[in-house]
Amino acid sequence: MPDLTVEFFAFVNINNTIRLREGKLFVRLSDMLEGAPDAVLRAIAHILLAKMYRKPIERTYASRYRRYISSQDITKKAHIVRQMRGRKRIESAQGRTYNLENIFEELNQRFFYGLLARPQMTWSRDHARNRLGHYDPAHNAIVVSRAFDHPRVPCYAVEYIVYHEMLHLKHPVKLRGSRRCVHSSEFQAEEKLFPHLDEAKAFLRHL
Ligand SMILES: [Zn+2]
């Protein structure tokens, strides 16, 4: 029996995989199967091992598994999870030039006493420049346009974009009468504390 590593994994769909690598077996079970009854887990183990070693799958195991994942609770859960995970792929904070998580943490220490909770930090998929960055409340993510992940872009320009979005976290949109006030006077005053504000704005304007 080879060494075995089994873990739950956040697949988009209910999915279970088994791989043999360097003499070790790696098994990933959909995290939607956490808490499944032992009999179901046993059935999955049987199915995966049978597939791995090209043995026939016993019908009782196959039907036990199928019955479980087609139960109403599980299909409902799978549907919701698929919507959440499938809709927006959070890309990575690590770009070619800049790491957005590091920039966030550094700014958090410098300007916010380390008190802001870090949302997901991600470079956008596309290179659009019309939107420098934005905060996406549905995914609790700060998204920065990938156009700025480039050595030609000075660090302070990327920092400014992230800093601006961090201020949005700190100063949620207020309603003044019926008008939405996105950049309140407090927001603007705090933005002026950014040391390279003018250079950053000038750079981003002339890009
Ligand atoms: Zn803004």
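The side-chain heavy atoms of Ile44 and Leu29, taken from C-beta on, include a pair separated by under 4.5 Å. Counting heavy atoms from C-beta on, the side chains of Tyr135 and Leu167 never come closer than 4.5 Å. Taking 4.5 Å as the limit, every side-chain heavy atom of Asp149 sits out of range of all side-chain heavy atoms of Leu100. Side-chain contact between Leu197 and Tyr160 is present, with heavy atoms from C-beta onward closer than 4.5 Å. When side chains are defined from C-beta on, Arg42 does not count as touching Arg64, because their heavy atoms never get closer than 4.5 Å. Inter-residue side-chain proximity for Met32 and Ile74 is flagged as unmet; no heavy-atom pair is nearer than 4.5 Å. Two residues are said to be in side-chain contact when any heavy atoms from C-beta on lie closer than 4.5 Å; Phe9 and Asn15 fail this criterion. Looking only at side-chain heavy atoms (C-beta outward), Leu204 and Ile161 come within less than 4.5 Å of each other.
The hydrophobic cluster containing Val6 does not contain Phe11, counting ILVMFWY residues as joined when their side-chain heavy atoms lie under 4.5 angstrom apart, directly or transitively. Linking Ile, Leu, Val, Met, Phe, Trp and Tyr whenever their side-chain heavy atoms come within less than 4.5 Å puts Ile57 and Met52 in one cluster. Hydrophobic cluster membership is shared by Phe111 and Ile142, with clusters built from Ile, Leu, Val, Met, Phe, Trp and Tyr side chains linked at under 4.5 angstrom. The cluster map of Ile, Leu, Val, Met, Phe, Trp and Tyr, joined by side-chain heavy atoms under 4.5 Å apart, puts Leu49 and Leu41 in the same cluster. Linking ILVMFWY side-chain heavy atoms closer than 4.5 Å, directly or via other members, places Phe26 and Tyr53 in two distinct hydrophobic clusters.
Test His134, His183, His171 against His164 for ring-ring contact (aromatic ring centres under 6.0 Å, His included) and you get one pass: His183. For the side-chain contact (heavy atoms from CB on, under 4.5 Å) criterion with Ser30, the lone passing option out of Asn16, Thr17, Ile69 is Asn16.
Rounded to the nearest 0.5 Å, atoms CG (Asn99) and CD (Glu105) are 10.0 Å apart. Here the OG1-CD1 distance, from Thr75 to Ile14, works out to 8.0 Å after rounding to the nearest 0.5 Å. Between the CG atom of Leu107 and the CZ atom of Arg118 there is a distance of 12.5 Å, given to the nearest 0.5 Å. Note that CG of Leu116 is 12.5 Å distant from CD of Glu165, once rounded to the nearest 0.5 Å. Note: His196 NE2 to Asp198 CG = 11.0 Å, rounded to the nearest 0.5 Å. Atom-to-atom distance recorded for Lys51:NZ and Ile47:CD1 is 7.0 Å, nearest 0.5 angstrom.
Shown here for Val182 and His168, the closest heavy-atom pair between the two residues is CG1-CE1, 3.4 Å. Here the closest heavy-atom approach between residue Pro151 and residue Thr97 is recorded as CD-OG1, 3.3 Å. Nearest heavy atom pair, residue Ala50 against residue Pro56, reads CB-O, 3.9 Å. Of all the heavy atoms in Glu101 and Ala93, the pair that sits closest is CG-CB, 3.7 Å. Across all their heavy atoms, Ala200 and Ala157 have their closest contact at CB-CA, 4.3 Å. Summarising the geometry of Pro195 relative to Glu199, their closest heavy-atom pair is O-OE1, 4.2 Å, with the distance given to 0.1 Å.
With hydrogens and angles left out, the side-chain atoms of Ser92 and Gln94 include no donor and acceptor closer than 3.5 Å. There is no side-chain donor-acceptor pair under 3.5 Å between Tyr163 and Glu191. At a cut-off of 3.5 Å, with distance as the only test, no side-chain donor of Asn108 or Tyr113 sits close to an acceptor on the other residue.
Arg28 places no side-chain N or O within 3.5 Å of a backbone atom of Glu7 that could act as its donor or acceptor partner. With hydrogens and angles disregarded, no donor-acceptor distance shorter than 3.5 Å links the side chain of Trp123 to the backbone of Arg96.
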Step by step, work out the side-chain contact (heavy atoms from CB on, under 4.5 Å) result for Glu190 and Phe112. CA-CA 11 Å; Glu190 210 166 329; Phe112 303 95; 3.8 Å; yes
side-chain contact (heavy atoms from CB on, under 4.5 Å) between Gln120 and Asn140, intermediate numbers included: CA-CA 6 Å; Gln120 296 249 37; Asn140 187 33; 5.7 Å; no
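Residue Arg19 places its CZ atom among 12 or fewer non-hydrogen atoms of other residues, nucleotides or ligands, all under 6.0 Å distant.
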